[in-house]
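The structure under discussion appears below in the form of structure tokens.
We use all heavy atoms of the structure for the numbers below, so side chains are in, but hydrogens, waters and symmetry mates are not.
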Amino acid sequence: MTQPKRRKVRRRFSLRKTLRLFLPVCLFIVLCVMMCVPSGRDKATQQGQENPVLQLASNATVLDLEIDTVSRFLYRLDSMPEPTKRIKVNYFGNLKPFFNDSNYVHWAEAEAYGLEPLSDTRSHWNLRRPIVKVTTCKDYFLDTLIFSRPYLVPEAAATLREIGRRFRDTLETRGGGDYRIKVTSVLRTPQTVKRLRRRNRNAIDSSVHQLGTTFDISYSSFIANSDANPRSVDDLKGILAEVLKAMREEEKIWVKYEVKQPCFHITARKPKE
């Protein structure tokens, strides 16, 4: 016997099911359109009520923009202004025999309150003493560091700020000149000391820079912030030497006058209780 053929049943159109299917898609499209269409406040902004825009001079550089947005202390003149004017300096002779504290003296002082030399990655996280980051400020300018890192123990960082502040105060007292000292070296690791020795024979394995208490200040280069009251490098060096002499006599620092690398090698002494 042959089986009867099944009739194909046509499904009836259901508006309810159709709405359930397409309603989420329609709502999503409407929401996207509403987000893209500008509101009344946005239209007012487009018509002229715009946010103020920073106006730069025609001869402005990237550094000028950086001053306004990042740090105004990064600004400096490209070179020392000329012609220079003399300023009172209390010279006290050859600086080399006067600032001649040996590396043993520096090391003994730094070892009393400084860090243990950073040997590996783990030692960076297990410091005996806290350290603070040293950054360019109104009292000094941090040079581009290649063989050191911008960190010191808090006492040394405070001493560095005091040197820069007293240097600027002395300039202002004697007739002006907008200059800052330049810091050329800070915290070193055994790896950076090894790299430095390949280029500078003046560097030694037992560098006190590894203890976070020591920094170098250039005496052959200073940072000029303004061309008003231009001063010579020799006079600025003499004033810096005066400040270091006074602080050494106050038992705040040890100083070594470096010749091959023109700088004052300074270790901050531990503050007395």
Side-chain angles (χ1 to χ4, degrees), residues 89-115 117 132 134 137 139-143 145 147-148 150-171 174 179-188 193 196 200-223 231-272:
V89 180
N90 298 320
Y91 292 103
F92 49 91
N94 187 8
L95 300 181
K96 185 175 180 180
F98 189 88
F99 296 122
N100 195 29
D101 299 320
S102 68
N103 186 67
Y104 300 102
V105 174
H106 286 259
W107 187 275
E109 186 71 38
E111 195 174 29
Y113 77 103
L115 305 172
V132 295
V134 177
C137 62
D139 295 319
Y140 59 81
F141 186 91
L142 188 66
D143 197 14
L145 302 179
F147 300 104
S148 64
Y151 295 95
L152 290 171
V153 296
E155 296 87 345
T159 300
L160 176 57
R161 289 294 296 267
E162 182 178 354
I163 294 173
R165 184 173 62 253
R166 291 172 69 160
F167 173 79
R168 289 175 57 81
D169 289 345
T170 304
L171 275 177
R174 297 185 185 178
Y179 294 88
R180 284 176 290 173
I181 57 175
K182 182 165 70 172
V183 182
T184 57
S185 184
V186 202
L187 176 65
R188 297 176 187 166
V193 171
L196 179 60
N200 178 16
R201 294 182 179 180
N202 204 37
I204 57 178
D205 289 332
S206 57
S207 173
V208 191
H209 284 278
Q210 301 175 86
L211 305 185
T213 61
T214 305
F215 47 87
D216 292 345
I217 298 177
S218 173
Y219 60 71
S220 63
S221 177
F222 293 84
I223 300 301
R231 307 299 180 186
S232 67
V233 173
D234 289 338
D235 286 348
L236 296 175
K237 175 183 176 181
I239 291 177
L240 176 57
E242 285 186 50
V243 172
L244 298 181
K245 178 178 180 293
M247 293 184 65
R248 185 177 181 276
E249 292 173 350
E250 295 167 8
E251 299 184 352
K252 291 184 175 181
I253 56 175
W254 295 114
V255 187
K256 174 71 174 179
Y257 182 81
E258 303 286 359
V259 178
K260 295 182 179 179
Q261 296 294 323
C263 68
F264 291 105
H265 176 75
I266 303 168
T267 294
R269 299 183 64 175
K270 184 180 180 181
K272 296 181 178 179

(request) Side-chain contact test, heavy atoms from C-beta onward, threshold under 4.5 Å: evaluate it for Leu152 versus Thr213 and give yes or no. (result) no
(request) Tell me, with the steps shown, if Tyr140 and Phe222 meet ring-ring contact (aromatic ring centres under 6.0 Å, His included). (result) CA-CA 9 Å; Tyr140 59 81; Phe222 293 84; over 10 Å; no
(message) Ring centroids only, cut at 6.0 angstrom: are Phe98 and Tyr257 within range, meaning strictly under it?
(response) no
(message) Restricting to side-chain hydrogen bond (donor to acceptor under 3.5 Å, both in side chains), what partner residues turn up for Thr184, sequence neighbours left out?
(response) none
(message) Distance check, rounded to the nearest 0.5 Å: Gln261 atom CD versus Ser185 atom OG?
(response) 9.5 Å
(message) So, applying side chain to side chain contact (heavy atoms under 4.5 Å, CB included) with Phe264, which one of Ile253, Ile163, Leu240 is it?
(response) Leu240
(message) Nearest 0.5 Å, please: how far is OH in Tyr219 from CD1 in Ile217?
(response) 13.0 Å
(message) Quick check on the 6.0 Å ring-centre criterion: do Tyr179 and Phe141 meet it?
(response) no
(message) Just verifying a value: how many Å separate Lys256 NZ and Thr267 OG1, rounded to the nearest 0.5 Å?
(response) 12.0 Å
(message) Once rounded to the nearest 0.5 Å, what's the spacing between atom CG of Asn90 and atom OG1 of Thr170?
(response) 10.0 Å
(message) Pairing donors with acceptors under 3.5 angstrom, does anything connect the side chains of Ser221 and Lys182?
(response) yes
(request) Report the residues that fulfil side-chain contact (heavy atoms from CB on, under 4.5 Å) with Tyr91, sequence neighbours left out, ordered by chain and then residue number. (result) Arg86, Val89, Asp235
(request) Would you mind reporting whether Leu142 and Pro150 have side-chain heavy atoms less than 4.5 Å apart? (result) yes
(request) Take Glu162 and Arg168 through the test salt bridge (charged side-chain N to carboxylate O under 4.0 Å, His left out) and record every step on the way to the result. (result) CA-CA 10 Å; Glu162 182 178 354; Arg168 289 175 57 81; over 6 Å; no
(request) Scan residues 100-109 for pairs that pass salt bridge (Lys or Arg N to Asp or Glu O under 4.0 Å), counting only residues two or more places apart or in two chains. (result) Asp101-Arg248, Glu109-Arg269
(message) Whether the side chain of Glu111 engages the backbone of Ala108 through a donor-acceptor N/O pair (distance < 3.5 Å, no angle test) should be reported.
(response) no
(message) Treating Thr159 as the side-chain partner and Glu155 as the backbone partner, does any N or O pair qualify as donor plus acceptor under 3.5 Å?
(response) yes
(request) First locate atom CZ of Arg165, then atom SG of Cys137, and finally report the distance between them rounded to the nearest 0.5 Å. (result) 10.0 Å
(request) Could you tell me whether the side chain of Val186 reaches within less than 4.5 Å of the side chain of Tyr151, counting heavy atoms only? (result) no
